[in-house]
Amino acid sequence: MSMSIPLPGLEAVAPAAPARRGPSREELLEGLNEPQRAAVVHEGAPLLVVAGAGSGKTRVLTRRIAWLISERRAHPGSILAITFTNKAAAEMKERVEDLVGKRARIMWVSTFHSACVRILRKEADKLGYKSNFSIYDAADQKRLMTLVCNDLDLDPRRYQPGALLHWVSNQKNELRDPEDATKDARNHLEETYAAAYTAYQRRLREANALDFDDLIMSTVHLFQAFPEVRETYRRRFRHVLIDEYQDTNHAQYALIHQLCADDPEQSDPDAERVEPAELMVVGDADQSIYAFRGANIRNILDFEQDFPNATSILLEQNYRSTQTILTAANSVIGHNKGRKEKRLWSDAGDGERIVGYVADDERDEARFVSEEIDKLTDEGAHRPGDVAVFYRTNAQSRVFEEVFIRTGMPYKVVGGVRFYERREVRDALAYLRMLVNPADQVSLRRILNTPKRGIGDRAVACVNALAERDRITFWEALRRAQDAPGLATRSLTQIQGFVAMVEELQSMVDAGERADVVLETVLARSGYLTWLEESDDPQDETRLENLAELVAVAREFAEDPLAGPSADPTDVEAGIVAPGLADFLERVALVADTDQIPDDDPEDSGVVTLMTLHTAKGLEFPVVFLTGLEDGVFPHARALGDQPELEEERRLAYVGVTRARERLYISRAVVRSAWGAPSHNPGSRFLDELPVDLVDWRRTEAAQTRWSRPDLSGGQRFGEPTAAGRRNFSAAAVRADAAARAKPAREIPSLEPGDRVLHDSFGLGTVVALEGAGEKSVASIDFGSEGVKRLLLRYAPVEKL
DNA sequence: ATAGGTTGCATTTTT
DNA sequence: TGCAACCTAT
């Protein structure tokens, strides 16, 4: 009989007698309001905590976990808590640890993705993966999809990798595998998409890689296909807590369901019935702003139907903002249809009125913001670090930066190009990834000729041809490059040098060398450092610094005994594993960034924070400027004609407003330059949804139109350069044509159907047909997986073999 | 192999 | 307008 079996290692560290006396009941409930307490002590049925903005949901989560451990004697290893960021997970863990001590460490507090990776590493073989699989992020996905598009010879104008990936992501979020997608394709477009999905997924598998969406989907599929595995985890996790439930997608919902709902098909009917885990989800439908990424607001709206007997608790008391700000927020969000009524309230008093400003243009708006911050700091009321400026799109940050630089206002833009997205950082990580997982073709090909070592497209094509002929991985083909037909001796020598270097580095990894040491060796041995050092591009200076930073991150990681989301603390504490290179890579793949948000150090006055509204979610600032409140900007133009999208924009506005603690400013520009031409924008409809008496308009449109009326002919004049650009286009085409004609004709290989040829980028091919003669001769050549191409022989870099 | 020109693109992005 | 990716000419 299979009783509840803890996972290996659990008993080993289960503290025999926790010496430390836990917190008392009173301590755990101290300072909580009634509904918060109810949520903390709730037992049994699934619980939905509807937590309005600033209502103390993190407190509820941490206290509840502490309560479970210390009052209800739950084993910490039986707790699974899911948050949306690793940062939030780390904070939560720390806070629980403060309450109940070190034993809290063996809880699983992580993101969906980290938790799934942990499960998948253990069970990878069941799905036909190796446990050293790579995790592909957006950039890797794009590279891979681009390869697929070339493979399938898709018209790049009709089928863009980005659009295909978006579609694939949706499929995965809906748990639909390539077969499902193919089966249900309704038209040619969908068939093509499904074919791309199929090929993309095959390539991922060949690379022993999973993308972000796969992490969730594969775990769900694993639990579906292997009931005994599912049961293991169902038995293990007796308490499941999910934060930000409104942002879950269907796949994540399914995963929760597999763990926490009644299991109709328990694998062993004789087994003692496993009671479903106790589930608590926390969220706020009004703050659901990620539908565009697959989040499904229905998950939270339908919770009570999805989980029978569910109860819900409403947290409406806000501990963050003034009543004025909350009334404004309630009023705006009240315009959304079909939402469950919720009214935030505070006993902190009304506070300041909201300040409104209508600017002439975006410059004027930025100037107003800057001056207003100056005033606040001069008065001593606030420091720059208290202030945040929010906007709808990243492009809007530019004017603020320009004006802030000029006025000497210290600021920081959060978002934009991130550390781990920088080219040099990605290169370095690609090296590390291919060392751990040589099948990882995307990483391997990225660094094969970076820095330049004379392994160009042509050599790659030859090796790739060999890989396909012999059905081996690209890496295997590199090792056997001497067998590759058509490979120049020089290229072969280079490849052999590369292979030797990689094998040497791999032996370091196999010996368990620390991540930072491997990284430093990679950078030195590959010639990457020398390459940057010898470059005269001033940007490469920064690149070197970034790499130094990356090494520092790796070192810090290697020295942290509890590092690595994959490293089960259970194992680490038992001395089974130390964090290695693979763990470092996992951290880097799953953790967005080293903290971008400036921390609030009371010692210095800090800097103004600039960010998009999306990034602002979960944060709070004493002073908030909500800018660009114009129809077409915010709400965004693409949402104007669409009710659901408009409601999501409104939730975004709600999120923005509720970030403010004391002072809220709202502003808009009458004229705003949007890519080239200036446009006249009407005020945001959200402005009309604010109670009039709450807003102190410092300047209105009436006041400003009197001075300057937007000049429509001016707009046309601005439009002209575009037309000039169009003319340019044809002139350039003519020039290019002339240049082509002037160029001496290249020698045209005489070909016959059946001839074998080598093409610089398509690799090996067979001539299928010929048309035309002399300079106009065109050959149709079958390049195998690259497809049949029609090539004008005068230009095509083909060589008869 | 690489610079320079050309084209096309332009919401939001916790993982 | 500003950029990034791509292509092409050297």
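Throughout, protein chains are lettered first and strands after them, A, B, ... in sequence-line order, and every chain is numbered starting at 1.
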Separation between the P atoms of C:dA5 and B:dT12, rounded to whole Å: 16 Å
Inter-nucleotide P distance (C:dA4, B:dT13), Å rounded: 16 Å
Please list, chain by chain and in numerical order, all residues satisfying ring pair (Phe, Tyr, Trp, His ring centres under 6.0 Å) with [X], sequence neighbours excluded.
| X | value |
| --- | --- |
| A:H614 | A:Y290, A:F292 |
| A:Y129 | none |
| A:Y245 | A:F303 |

Any residue meeting side-chain contact (heavy atoms from CB on, under 4.5 Å) with A:A616, in chain and number order, not counting sequence neighbours: A:F390, A:M611, A:R659
Those residues that, when tested against A:A139, pass side-chain contact (heavy atoms from CB on, under 4.5 Å) (two or more places apart): A:D137, A:R426
Have a look at [X] and say if it touches a base, only the backbone sugar-phosphate, or nothing, with a 4.0 Å heavy-atom cut-off.
| X | result |
| --- | --- |
| A:Y290 | base |
| A:Q252 | nothing |
| A:T83 | nothing |

Syn or anti conformation of B:dT12, syn meaning chi within 90° of 0: anti
Considering all heavy atoms, the nearest A:N249-A:G294 contact: CB-O, 3.1 Å
Sub-4.0 Å heavy-atom contacts from residues 389-401 of chain A onto DNA chain B, ordered by number: A:R392, A:T393, A:N394
